[in-house]
Q: 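Just passing along the structure, written as structure tokens.
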Amino acid sequence: QVEQSSPSFTSGEGAEEGEEKIVLRASTGLPENHIWMTSLLIPWMDKVEKDSNGKVEFELFAGGELVALGQEFDALNAGTIDVALPIMPLYDPSRFPLSEVTMLPLAETSMETFNKAFAELIYGDFKFQDGETFSESEFTSNKLKVWAMNGGSAYVLSTTGTNIDTIDDIQGLRIRTGSRLNELYVKNVGATPISMPQTDGYDALSRGTIDGTLMAVGDWGGWGYQELFKYVLEGAYIGHFSAVFGMQEEKWNSLPDDVQKVLDNAAQELQLGTEQHEKMSAEEKKVYDEVEGKVEFETLGDLDPATRDHIMAAMSKTWFDWIELMEADGQPGKQTAILWRDIITEAGGKVPDAVMDLE
Amino acid sequence: MDGGLLKFKNGFNYIKTSGLILSAIGIVIIMVTIAIDVFLRNVFNSSISGNYELIQKYLMPLVVFPAMAITYSSGIMPRLDMIVEKFSPKIQYVIHLFVSLIDFLIMVLLIYYTWNYAMQALAANVTFPAGGAMYPLYPVLFIVPIGFVLLAIEILLNMMPATKKS
Amino acid sequence: MPESVALIIIFGLFFLLLLAGQQISTVLLATGIVGVFLYGGSGALTGILQLEPYTRVASYALTTIPLFILMAEFIMYSDIVKYLYHMLFKVSKGKPGILGVFTILLGGFLGAVSGSASAISAALGQISVPELRKHGYNENLAGAVAASAGSLATLIPPSIGLIIYGAITQTPVGQLFMASVIPGILTIGVLVICTLFFYHRSKASVDPRVLTSSVREEAAAIEETAHAEEDIPTSKFVISLIASLFIMGSVFIGIYTGIFTPTEAGGVGAAISLIAAICLGKVNVAFIKNSLRSTVRITCMVMMIMIGAQVFAKFISLSMIPRKLIALLEPLAGTPILVIVLLLITYFILFMFVEGAAVLLMAVPVTLPIAQMIGLDAIEFGMLIGVVGAAGLLTPPVGMCVYAVAGVTKTPIDRLFRYSTIFAVMICVIVVPLLLIFPQLITWLPDTMSQ
Ligand code: NA
Ligand code: NA
């Protein structure tokens, strides 16, 4: 193998005499300036390098140059990379079926609420009937060691023109959906789900091929959607996009205890860190400032009762549909839904009323 | 050429043509699906559920991999032949053998790795979501090594002197 | 193994295999495999070889490759384009220069309905090159004209490259599209001038006194076709003109009124062309068989090269060559013009080796701050990269547009590269300085539109 002229094989400053450096090949499918990179993942690598006194070093491949977004799990298994920043469980529901739970619709939520709840979901010790925690059931079973990513605000329904005043306004709206739960919700609410690549979204929205999408307002910036959307329905939150980052368990077990501690601490501390939160918020605020006065933000509560109830019913139905789908597949759908309901409400969020009755 | 080999070649030609037909069917299905989806969306405000994922994951690989062998033998693959042309036919043939051997070794590697991957996906029953339902991924993953096997056979046949100019 | 030795081995192998006449797809694969193994070890090789062939192909965006080629095949076997070229030839009173110009404009027009440069190059290779040759272009120039006309698709909106650039840099895609209009027209202008210049030069060099017998025969054949054209009834011209306006018009209107997306335009365009061919009475078993057979072959050829290019790109990435090139630039911030020239040269080199989207995703986040430091904004920088990116599709060693044309027309790639590289260099030395000196060429349209 080629000796890189990067510091991989030299003993760097701070590393103790005779101690071997641990170089981890890290890969991200995101561009290096993506908010997930700048708010959490790069600070995490920096902190690990610092807290380990230079013993651990990362060799980062960004922008999918080595591993494309969504292929991280296979790349970890093959040994192409040591660390995946992040892994996208939502792209791979057959291997990570339960992670979809964060995409369930909420009546009230915020970035802070979600991050608290997601940390609890990933690190919490609630046990399913088979005695496994969520992480054990979802990730340890896939031989992975993972940490929670920080998340942004929830997905909302945005359209390029149509205001939602009556149920009729929703009927026949063509909404781009990117996941199974989004599709269920769009069907339940009576609109038409359209599946197309995100890269076609701008053309499709600007020319009226589709009428809207489900995504977080903070994510508009990446696709130039600020200039296209005219209307956002808030208070019907179509779930939070979530992800984790981590490595193969085998690699994890090969690391010395002190290094493991450094990696763990840095990840858990930063996911809920103030600085991380501020960076994420600033990124979202940028978009909100840009569209101020140009986009109408309406809240579910302000709609006429019939329309509001219709949308709320679609939100609860999405929960029950999902539970049914999961249970039919032999997954603990109901338990996971109840777990998520409890920790998201504990963290300050609200679920549709019917879901509160779920036992 | 002895009879057995000739028979094999004829049989193989039949398989190659079948691969081409499979790929052509794939293209036609993609065209028709997209056209119908556009029609449905504009006229009936509905959509073929999951068509984009299914085209992407199933049909595009179906268009490419089965037809690799016949594409290789059609001489369409671009190459730089200005240097090779200057040598005597004998030396040209030696170079041809050398290059084909490398092609063949690459195919062996690709067959090995893509087959392993398809087997892993089969064992793990990997599925992907499209239009609210889940579809198995492994059947299409097996098309990849099968395509490379056909290509490897084509490369071997192409190395034999008697078949070289045919 | 020291790094320089590894690089010498890998690039030595690349040129050895290339010169030995190995197919481009396997040259890229062979060197990519050796490179990935040397730099990344067996783990990297396993991951890349098991995943890349499938994932490279399994892309909805790439459906434009088979579908635009199918559309071109349907149009070609309907003889529509043949008659159009003949008509243009007649109208111009036998000046074939205009046919090359027409091909470039056709490429620009197709580029405005699709983002797929390889697909359009292959399509033009199929429909335009034979016509250009018939009317006196040598095959190398004709092929290079088709390739460069196809490369415009990445620069002229819609363009996946610009959308990806917008996503990385948080630049509104609409502004990027607006900004790219004038650079696109300038590039078309440069290509038109190059085409005319090389066409007339190649004519001038054919001195009748030194004509070899084969050239004489070819000239006679051309003469003959030119005469034969006189006998084509006007009705055929009219019908093919109407058919082509119908096909192009439906695709164009469909995209710009939102009936379908640019990606879907391939499928709809192919279907419409088939309907047109049926109306012209051209469709029979042979028509279907021939169209599908060549569509499958050309698609497969392009995709096999793409798979090779993908593996090769992984080696480039693992070698960290791009990062090292960029790191070399940072100390030069004091001399902006030197930095921008070096940056663009870096991009030109990256686009030579690696497919477009991969270059953008890995290099833009690292280089944009450098560009901003010396006073370029994200839109200007994006346009400069876009122009260089289009040029990169025409240069060796990895020039997707040229490969596509070479495969279709069976013209040796080295002879195509001889012209196409000059086209690429001309784009870079004329359009890029113009954009640098007059940034208004980029900013004027988006500024006007947003007011
Ligand atoms: Na384009
Ligand atoms: Na190139």
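Protein chains get the first letters and strands the later ones, always in sequence-line order, with residue 1 at the start of each. Just the heavy atoms: all of them, side chains too, but no hydrogens, waters or symmetry mates, feed the values below.
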Q: Which atom pair, heavy atoms only, marks the closest approach of A:Phe61 to C:Leu318?
A: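 Heavy atoms only, the tightest pair is CE2-CA, 3.7 Å.
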Q: Considering all heavy atoms of both residues, which atom of C:Val251 and which atom of C:Gly269 are nearest to each other, and what is their separation?
A: CG2-CA, 3.8 Å
Q: Where does C:Ile48 contact chain A at under 4.5 Å (heavy atoms): side chain, backbone, both or neither?
A: both
Q: Under 3.5 Å, side chain of A:Lys294 to main-chain N/O of A:Lys230, donor-acceptor pair present?
A: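 The answer is no, because no donor-acceptor pair under 3.5 Å joins these two groups.
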Q: Test A:Glu59 against every option in A:Leu24, A:Val23, A:Val83 by the side chain to side chain contact (heavy atoms under 4.5 Å, CB included) rule and name the one that passes.
A: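 Going through A:Leu24, A:Val23, A:Val83 one by one, the side chain to side chain contact (heavy atoms under 4.5 Å, CB included) with A:Glu59 is satisfied by A:Val23 alone.
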Q: Name the region of A:Met37, side chain, backbone, both or neither, that has any atom closer than 4.5 Å to a heavy atom of chain C.
A: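 Neither part.
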Q: For the interface with chain A, which of C:Leu176, C:Leu368, C:Thr55 has the highest count of heavy-atom pairs at distances below 4.5 Å?
A: C:Thr55
Q: So for A:Leu69, is it side chain, backbone, both, or neither that comes closer than 4.5 Å to the heavy atoms of chain C?
A: neither
Q: Is it the case that the ring center of A:Phe139 lies less than 6.0 angstrom away from the ring center of A:Phe96?
A: yes
Q: Picking from C:Leu45, C:Leu7, C:Thr46, C:Leu51, which has the most non-hydrogen pairs under 4.5 angstrom with chain A?
A: C:Leu51
